[in-house]
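Notes for the one structure printed next.
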Amino acid sequence: MKKFGTMVAFVAAAAAFTGCEEPLSCEEGNKATLTVYNYTACTPNIEVDGEVVAYDLGATFIEDVPGDSVVVLLDAGSYTIKADLPLITLCTEQTTTIETECGGTYTWEFR
């Protein structure tokens with residue numbers, strides 16, 4: 001019975017350490033920098049973990065020349081980035097996941 005109690009305590013401790021992880025806070029001035037570029041003729045809303053960080057990001061009509069961009073400061077951690085589009089559009093919504101570290105510089109091109 002003592003072995004069972006020890007095993008339960010071990011499993012509980014392991015669960016506590018492997019639960020949902022919050023992003024690691026970075027000091028001001030040392031945040032990760034994510035720049036999202038719009039290379040499409042559409043104007044997406046850009047979301048980071050479900051929060052809109054840019055509405056109607058400007059379009060481009062010149063191939064391989066970006067339209068508008070948005071810069072987002074993030075803490076260290078894992079983030080889901082989404083280019084969300086209106087219901088009627090010629091473009092396709094896209095989603096990506098990035099892992100950031102404090103002080104890192106990251107880019108995502110919506111094409």
Side-chain angles (χ1 to χ4, degrees):
M1 190 68 174
K2 187 175 182 178
K3 273 187 169 181
F4 179 73
T6 303
M7 179 69 91
V8 170
F10 178 74
V11 170
F17 286 111
T18 59
C20 296
E21 293 182 24
E22 292 291 320
L24 176 66
S25 292
C26 300
E27 293 179 13
E28 202 61 40
N30 195 33
K31 300 250 185 201
T33 304
L34 168 66
T35 305
V36 179
Y37 295 96
N38 183 13
Y39 279 88
T40 71
C42 299
T43 56
N45 293 336
I46 303 300
E47 299 178 2
V48 175
D49 282 350
E51 181 181 331
V52 178
V53 296
Y55 289 96
D56 297 329
L57 194 63
T60 184
F61 296 98
I62 303 171
E63 189 173 335
D64 290 329
V65 175
D68 287 346
S69 62
V70 62
V71 176
V72 184
L73 299 178
L74 302 169
D75 289 316
S78 179
Y79 295 91
T80 300
I81 315 302
K82 180 178 181 183
D84 189 33
L85 296 163
L87 294 176
I88 301 172
T89 182
L90 298 175
C91 300
T92 304
E93 291 182 352
Q94 293 179 13
T95 303
T96 191
T97 302
I98 63 166
E99 295 284 332
T100 62
E101 294 181 9
C102 294
T105 302
Y106 307 88
T107 60
W108 184 51
E109 297 176 352
F110 174 57
R111 291 183 180 260

* Verify side-chain contact (heavy atoms from CB on, under 4.5 Å) between D75 and K31, making sure each step is shown before the conclusion. => CA-CA 6 Å; D75 289 316; K31 300 250 185 201; 2.7 Å; yes
* Asked: So, the side chain of D84 versus the backbone of N45: is there a donor-acceptor pair under 3.5 Å, distance only?
  -> no
* Hey, could you give me the CG/CG distance between L74 and D49, rounded to the nearest 0.5 Å? => 8.5 Å
* Structure fact -> Output for pair (R111 CZ, E63 CD), nearest 0.5 Å, gives 9.0 Å
* **Shortest non-hydrogen contact from A59 toward C42** => CB-O, 3.5 Å
* To do: Could you state whether Y106 and W108 fall into the same hydrophobic cluster, counting links through intermediate Ile, Leu, Val, Met, Phe, Trp or Tyr residues with side-chain heavy atoms under 4.5 angstrom apart?
  => yes
* Structure fact -> OH (Y79) and OG1 (T100) are apart, to the nearest 0.5 Å, by 5.0 Å
* side-chain contact (heavy atoms from CB on, under 4.5 Å) between T96 and I81: does it pass, once the steps are laid out? -> CA-CA 5 Å; T96 191; I81 315 302; 3.9 Å; yes
* Asked: Taking atom OG1 of T40 and atom CG of L90, what is their separation to the nearest 0.5 Å?
  -> 10.0 Å
* Asked: When you look at CD of E109, are more than 12 heavy atoms from neighbouring residues, nucleotides or ligands closer to it than 6.0 Å?
  -> yes
* Asked: Any idea which heavy atoms bring S25 and C102 closest together, and the distance?
  -> O-SG, 4.3 Å
* V53 and V36: same hydrophobic cluster, using ILVMFWY side-chain contacts below 4.5 Å? -> yes
* Asked: Do L34 and I98 pass the side-chain contact (heavy atoms from CB on, under 4.5 Å) test, and can you show the C-alpha distance, the side-chain angles, and the key distance before you say yes or no?
  -> CA-CA 9 Å; L34 168 66; I98 63 166; 4.0 Å; yes
* To do: Check step by step if side-chain contact (heavy atoms from CB on, under 4.5 Å) holds for T33 and V71.
  => CA-CA 7 Å; T33 304; V71 176; 3.6 Å; yes
* **Gap separating the CG atom of D64 from the OH atom of Y39, nearest 0.5 angstrom** => 7.5 Å
* **Interatomic distance, K82 atom NZ to F110 atom CZ [nearest 0.5 angstrom]** => 11.0 Å
* Quick one: does L57's side chain get under 4.5 Å of D68's, heavy atoms only? -> yes
* Asked: For A83 and P44, which heavy atoms make the closest approach, and how far apart are they?
  -> CB-CB, 4.0 Å
* Smallest separation among heavy atoms of G67 and T60, with atom names -> N-CB, 3.5 Å
